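Here the structure is a predicted model, which means the values were calculated and not measured.
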Amino acid sequence: QVQLVESGGGAVQAGGSLRLSCTVSTWTFSTYCMAWFRQAPEKEREGVANIYIGDGTAYYIDSVKGRFTFSQDNANNTIYLQMNNLNSDDTAMYYCAAVDASGYGRTCPGRLKSWHYNYWGQGTQVTVSS
């Protein structure tokens, strides 16, 4: 059973930074498409960014582009999302999601619907105060 373990959330002031991490228990990390979603109170879950592990190609929604950046540690099956210049609109529960994208990995970037992913982490809270 594939499991995702997230960490790195917390509370920061506007303009601050946080780094989220997500580790996947799998033998085939290189074929995975990984994503971060977020859900604020009384709002729908929103796909924020995703990355194809095979070649590192990433996609970011406009509201986080230039502020959020992926990195990956293939030896430890871990992705990181560096979040800079945070603002109150970024306050949400953040969820890591994954899918084995064998055969279609190059179409991964931009796949940010919940149904694209079949493995989910437990969530980590990000709170930005103004």
Side-chain angles (χ1 to χ4, degrees):
Q1 178 70 15
V2 174
Q3 293 186 323
L4 278 60
V5 178
E6 304 150 335
S7 63
V12 296
Q13 291 189 330
S17 298
L18 286 170
R19 189 176 77 157
L20 305 183
S21 67
C22 178
T23 300
V24 187
S25 62
T26 178
W27 294 104
T28 60
F29 188 57
S30 65
T31 61
Y32 270 64
C33 182
M34 305 285 298
W36 286 97
F37 288 75
R38 66 186 179 188
Q39 188 164 20
E42 301 182 358
K43 290 189 176 181
E44 292 188 357
R45 187 170 294 191
E46 172 188 43
V48 174
N50 73 342
I51 185 169
Y52 174 47
I53 300 301
D55 63 10
T57 303
Y59 173 89
Y60 306 90
I61 60 172
D62 286 345
S63 62
V64 307
K65 200 173 295 183
R67 300 188 298 121
F68 290 12
T69 305
F70 270 113
S71 60
Q72 59 190 88
D73 176 358
N74 289 2
N76 292 295
N77 288 7
T78 299
I79 60 168
Y80 301 95
L81 186 69
Q82 179 67 41
M83 306 187 298
N84 297 329
N85 194 21
L86 288 161
N87 60 61
S88 57
D89 289 339
D90 297 316
T91 294
M93 183 72 79
Y94 282 70
Y95 297 90
C96 181
V99 63
D100 188 339
S102 298
Y104 69 92
R106 296 188 187 279
T107 68
C108 162
R111 286 178 174 252
L112 284 176
K113 299 297 185 183
S114 296
W115 53 263
H116 285 141
Y117 299 89
N118 52 4
Y119 303 114
W120 291 83
Q122 77 282 4
T124 185
Q125 179 67 39
V126 171
T127 303
V128 184
S129 59
S130 56

Could you check whether any side-chain heavy atom of I51 comes within less than 4.5 Å of a side-chain heavy atom of T57, counting everything from C-beta outward? no
Any sub-3.5 Å donor-acceptor pair from D90's side-chain atoms to V128's backbone N or O? no
Applying ring pair (Phe, Tyr, Trp, His ring centres under 6.0 Å) as the test, list every pair that has at least one member in residues 106-130; sequence neighbours left out. F37-Y117, F37-W120
With distance as the sole test, does N50 use its side chain to make a donor-acceptor pair with the main-chain N or O of G110 at under 3.5 Å? yes
Minimum side-chain heavy-atom gap F68-W36 below 4.5 Å: no
Compute whether any side-chain donor of one residue and acceptor of the other, for R19 and Y80, lie under 3.5 angstrom apart. no
Out of curiosity, M93 CE to R38 CZ, how far, rounded to the nearest 0.5 Å? 14.0 Å
State, with a plain yes or no, whether a side-chain heavy atom of L20 is found less than 4.5 Å away from one of T124. yes
For residues 2-62, pull every pair meeting disulfide (SG to SG under 2.5 Å), keeping only residues two or more places apart or in separate chains. C22-C96, C33-C108
Test of understanding: clusters of I, L, V, M, F, W, Y form through side-chain heavy atoms closer than 4.5 Å, transitively. Do I53 and Y59 belong to the same one? yes
When you compare the side chain of E6 with that of Q122, does any pair of heavy atoms fall below 4.5 Å? yes
Are M34 and I61 connected in the hydrophobic side-chain network, where two residues link if heavy atoms are under 4.5 Å apart? yes
Look up atom CD in Q82 and atom OG in S21, then write down how far apart they are to the nearest 0.5 Å. 11.5 Å
Would you kindly check if the NZ (Lys) or CZ (Arg) of R45 is within the cone defined by 45 degrees around the ring axis of Y95 and under 6.0 Å from the six-membered ring centre? yes
Side chains of T23 and T78, donor plus acceptor under 3.5 Å: yes
Connected via hydrophobic side-chain network under 4.5 Å: V2 and F29: yes
Can you find a side-chain donor-acceptor pair between T31 and D100 that sits under 3.5 Å? yes
Is there side-chain contact between Q125 and T91, with at least one heavy-atom pair below 4.5 Å? yes
4.5 Å side-chain heavy-atom contact, Y60 and F70: yes
